[in-house]
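The structure presented is a predicted model; accordingly, all values stated were derived computationally and were not measured. Start at 1 and go down the list; that is how both ligands and their atoms are numbered.
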Amino acid sequence: MSETNTPAAFSRRSLAAQALGHVDPITRGVVAPLHVATTFIRDPDNGYSSGFSYARPDNATVREAEAVLAMLEEAEAGALLFGSGMAAATAVFGALEPGDHVVAPNVMYWALKRWLREEGPRRGLAVDFVDAADGRALGQAVRPGRTRLVWIETPGNPLWTVTDIRAAAAIAHGAGARLAVDSTAASPVHTRPLTLGADLVMHSGTKILNGHSDVVAGVLAARSADPFWARIQAIRASGGAILGPFEAYLLMRSLRTLHLRAGAQAAGALALATRLRDHPHVARVLYPGLPEDPGHAVAARQMEGGFGYMLSIRVRGGEAAAIATAAAVHLWKRATSLGGVESLIEHRASVEGPGTPCPPDLLRLSTGIEDVSDLFADLDAALRAAHG
Ligand SMILES: *Cc1c(COP(=O)(O)O)cnc(C)c1O
């Protein structure tokens with residue numbers, strides 16, 4: 001259909017920079033056109049030889065971005081784009097059957113944990129939450145023959161706990177279950193769960209994949225084109241959860257610079273973690289890139305090129321001092337979300353509310369691409385102001 005480079009011949013970074021080297025067959029343009037049509041003309045023989053009939057199940061611009069994402073994740077079965085990370089994640093749980101058992105982590109994206117607690121039982125799912133970073137606890141939580149899905153998130157929001165993907169895959173497969181990994185905080189630059197034994201990988205595309213805080217999107221990618229993956233595809237098509245073409249176009253533009261952004265943001269996060277560790281008003285820094293972090297050894301094994309753009313700090317003086325610090329920054333933006341080029345700070349416990357594993361003195365930091373010395377100076381001044 002169009003000219004593309006041979007994926008095997010070049011690095012993922014090179015392929016992403018050129019969106020797989022697509023050349024538009026009509027204009028010879030180096031950027032794929034944006035496909036907005038919702039309906040397509042039938043052939044004289046009543047078929048649809050283009051492969052497109054209606055835009056709810058499928059869209060050519062969405063497919064272009066999905067091809068780049070599948071390449072980045074080394075996903076043999078391909079990738080699917082959804083209207084949000086939550087739409088992608090809930091499609092996986094929607095593909096399970098009533099009575100299925102699910103194991104999920106204590107430390108995970110809060111809105112998805114709430115969804116599993118509130119909506120899981122209504123769909124007949126039995127969900128157990130465990131300390132997934134503890135391999136023994138994970139091994140004891142699966143019920144052979146009944147557990148159908150083990151869901152992990154690594155590094156896990158907002159404590160950035162690290163789960164061993166290989167070990168979790170062995171436990172899940174030993175019990176006859178699939179392993180799905182929310183890899184939003186790692187990005188495919190630093191971790192590719194499918195190459196470590198996972199069956200499915202999920203991203204909030206809203207975060208570093210798009211990286212410019214102007215698109216809400218979700219991604220699933222799969223290792224094998226099995227009936228479970230076919231069911232997820234059917235759920236997206238019939239439920240109408242596909243990403244819109246404009247959003248897919250913006251996301252694809254962002255994926256071209258993903259390696260640059262992820263590398264710079266991870267380097268910034270490590271530099272900040274290293275400097276904040278010695279700060280008089282910081283009790284603890286949570287970042288798997290620090291050698292003393294409990295997740296460092298596993299992270300060093302399963303992450304490459306950095307440890308991600310997310311870290312948290314525990315502020316001396318408790319909740320009031322943490323909130324006062326978040327109120328006193330100027331360069332950092334006091335907002336939710338993560339992964340954008342602008343750095344964000346958030347007091348997480350007040351967002352998550354009762355039952356959260358997030359300590360009240362914790363501030364979540366999403367590192368952008370500003371000068372690290374400016375980011376540190378701004379946070380340092382805010383910490384000092386909050387401590388009078
Ligand atoms: C944001 C986020 C989600 C949800 O994604 P949306 O695009 O907001 O629906 C899921 N997991 C993690 C780790 C996230 O940060």
Can you report which non-hydrogen protein atom sits closest to [atom], along with the distance?
atom                   : value
atom 6 (P) of ligand 1 : Gly85 N, 3.4 Å
atom 8 (O) of ligand 1 : Tyr109 OH, 3.9 Å
atom 1 (C) of ligand 1 : Lys207 NZ, 1.4 Å
atom 9 (O) of ligand 1 : Met86 N, 2.8 Å

I'd like to know if the side chain of [X] pairs up with that of [Y] as donor and acceptor (distance under 3.5 Å, no hydrogens or angles considered).
X      : Y      : result
Glu346 : Thr336 : yes
Glu370 : Ser343 : yes
Ser187 : His190 : no
Ser373 : Asp371 : no

What about Thr206: any of its N or O atoms under 3.5 Å from an N or O on ligand 1? yes
Does an N or O from Val216, backbone or side chain, lie closer than 3.5 Å to an N or O of ligand 1? no
Report yes or no: does [X] have a heavy atom closer than 4.0 Å to ligand 1?
X      : answer
Met108 : no
Asp182 : yes
Gly205 : no

My understanding is that only one of Leu69, Val68, Ile208 makes a side-chain contact (heavy atoms from CB on, under 4.5 Å) with Leu258; could you say which? Ile208
With the threshold set at 4.0 Å, does a side-chain nitrogen-carboxylate oxygen contact exist between Asp100 and Arg146? no
Under-4.0 Å salt bridge between Asp380 and Arg275: no
Enumerate the atoms of ligand 1 whose separation from the nearest heavy atom of [X] is less than 4.0 angstrom.
X      : answer
Glu153 : 13 (C)
Met202 : 10 (C)
Ser84  : 7 (O), 9 (O)
Ala217 : 7 (O)

Within the structure provided, determine whether Trp151 and Met108 are in side-chain contact (heavy-atom separation under 4.5 Å). yes
Is the gap between the ring centers of Phe307 and Trp160 under 6.0 Å? no
